[in-house]
2 protein chains.
Amino acid sequence: MAEDPYAPARIRELPSWLLGRAAARGHHLVAGALAREGLRMMHHAVLSAVAELGPVSQAELGRSLSIDPKDMVAIVNELQSRGLVTRTPDPKDRRKNAIAISVSGRRRLRRTEALGDEANAELTAALSPAEREQLIALLTRIIQPEELACDTTESSE
Amino acid sequence: MAEDPYAPARIRELPSWLLGRAAARGHHLVAGALAREGLRMMHHAVLSAVAELGPVSQAELGRSLSIDPKDMVAIVNELQSRGLVTRTPDPKDRRKNAIAISVSGRRRLRRTEALGDEANAELTAALSPAEREQLIALLTRIIQPEELACDTTESSE
DNA sequence: TGATACCGTTGGGCTCACCAATGACCTGGA
DNA sequence: TCCAGGTCATTGGTGAGCCCAACGGTATCA
């Protein structure tokens, strides 16, 4: 074999590139695991958020999970048609839909959570528990810059 | 409604979710920066890889960057039409295209590399240099499991 | 009452990742 | 020599995730 697998590039050292590759692998593993329950990642995320937050509006769900309102409509539609959540008009604010998890939704969530945990364990199999916590902490700080950073020049172009 | 920004979910502690969010932010920042030069992330990645590897076939570029051959065609097409790379048939193997960076491509690459570095600096602004290196190391190990792990059941599915 | 803002919904577009198939081509062995 | 199998570049399509614009219905505030 002539070509080595090479240590390619400047690219491979950029956090943005590494994040993209790692996220792709994570998505692949988790989506594959959740597919056994017929759910996609966002479905599981919404289901889990609904279980935690109780009856919530779709807009609030979208804000908490950074999901586009357009996509949220489709997700809730499918979850509702599967009987995993209920969508009832909010009497206090008739614009809103109160999304709540159903009994079967809670049951399904228990299984998908186990599958998601398994997939994440495989994703971080090369890391020690301490390193995994470290990764989680670092990623968390990367994700939320606006809540902490107030002086960063917002790329004034 | 003055709801707190909440400490949402089990979801927000999963590495797969955090990786997805962080990658989305990284892509947003880098893509926005590179857009000033009229290039997308993959264009810049390919351009950088070509600069490093010298004349390479498209298939080899795709393998090194995990880019689908189909997408590689479109990327090389655009890079070539912009005069940033040259695509000459390989005399030794007429199936292959020898992709090489041009002079203007090298010039453009210098600018896009600076823009990419800036964007990555902003992406990791909340991290100290040591933490950034830590993150890179952890991500690198997450990405390449096959090259190290030999006993992990590869979830043949 | 009217102005403003939000909610859900629908419409489109863009980027990235993935899979199937084809013709041209190289390589190996019969 | 010819054939089989594999690789390369290319084209086709699919799906997920993210973003923008617009609309009717509704709540809130002046």
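Note on naming: letters A, B, ... go to the chains in the order of the sequence lines (proteins, then strands), and numbering restarts at 1 for each one. These figures come from a predicted structure and were not determined experimentally.
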Distance in angstrom units between [X] [atom1] and [N] [atom2], rounded:
| X | N | atom1 | atom2 | value |
| --- | --- | --- | --- | --- |
| A:I99 | C:dC7 | CD1 | P | 13 Å |
| B:E78 | C:dC16 | CD | P | 10 Å |
| A:R21 | C:dT15 | CZ | C1' | 14 Å |
| A:K70 | C:dG13 | NZ | C1' | 10 Å |
| A:I67 | C:dC7 | CD1 | C1' | 16 Å |
| B:M72 | C:dC16 | CE | C1' | 13 Å |
| A:N97 | C:dT10 | CG | P | 11 Å |
| A:L61 | C:dG8 | CG | P | 9 Å |

Which part of the nucleic acid does [X] contact within heavy-atom distance under 4.0 Å: base, sugar-phosphate only, or nothing?
| X | result |
| --- | --- |
| B:A59 | sugar-phosphate |
| A:D68 | base |
| A:S57 | sugar-phosphate |

ask   = Is there a residue in residues 80-90 of chain A whose heavy atoms reach under 4.0 Å of DNA chain D, and which residues are they?
value =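 Close to the strand, none.
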inquiry  = Does either side chain, that of B:R40 or that of B:H43, offer a donor lying less than 3.5 Å from an acceptor on the other one?
reply    = yes
query = Do B:R87 and B:N77 get their side chains close enough for a donor-acceptor pair, meaning under 3.5 Å?
reply = yes
Any side-chain N or O of [X] below 4.0 angstrom from OP1/OP2 of [N]?
| X | N | value |
| --- | --- | --- |
| B:H27 | C:dC16 | yes |
| B:R40 | C:dC16 | yes |
| A:R95 | C:dT9 | no |
| A:R25 | C:dC18 | no |

request  = Kindly calculate the angle separating the two end axes of the helix from C:dT1-D:dA30 to C:dA30-D:dT1, each obtained from five base pairs, and round it to 10 degrees.
outcome  =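 Inter-axis angle at the termini of the helix from C:dT1-D:dA30 to C:dA30-D:dT1: 10°.
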key: Where chain A begins and ends its contact with DNA chain D, read 5' to 3' at 4.0 Å from heavy atoms   =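 The contact span of chain A on DNA chain D goes from D:dA16 to D:dA27.
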request  = Could you please spell out the steps behind the side-chain hydrogen bond (donor to acceptor under 3.5 Å, both in side chains) verdict for B:T86 and B:T88?
outcome  = CA-CA 6 Å; B:T86 61; B:T88 45; 5.0 Å; no
hydrophobic_cluster_shared for B:I136 and A:L138, side chain cutoff 4.5 Å =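 Yes: a chain of side-chain contacts under 4.5 Å links A:L138 to B:I136.
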Pairwise 5' ranking along DNA chain C for A:N77 and A:D93, keeping only the more 5' one =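 That would be A:D93.
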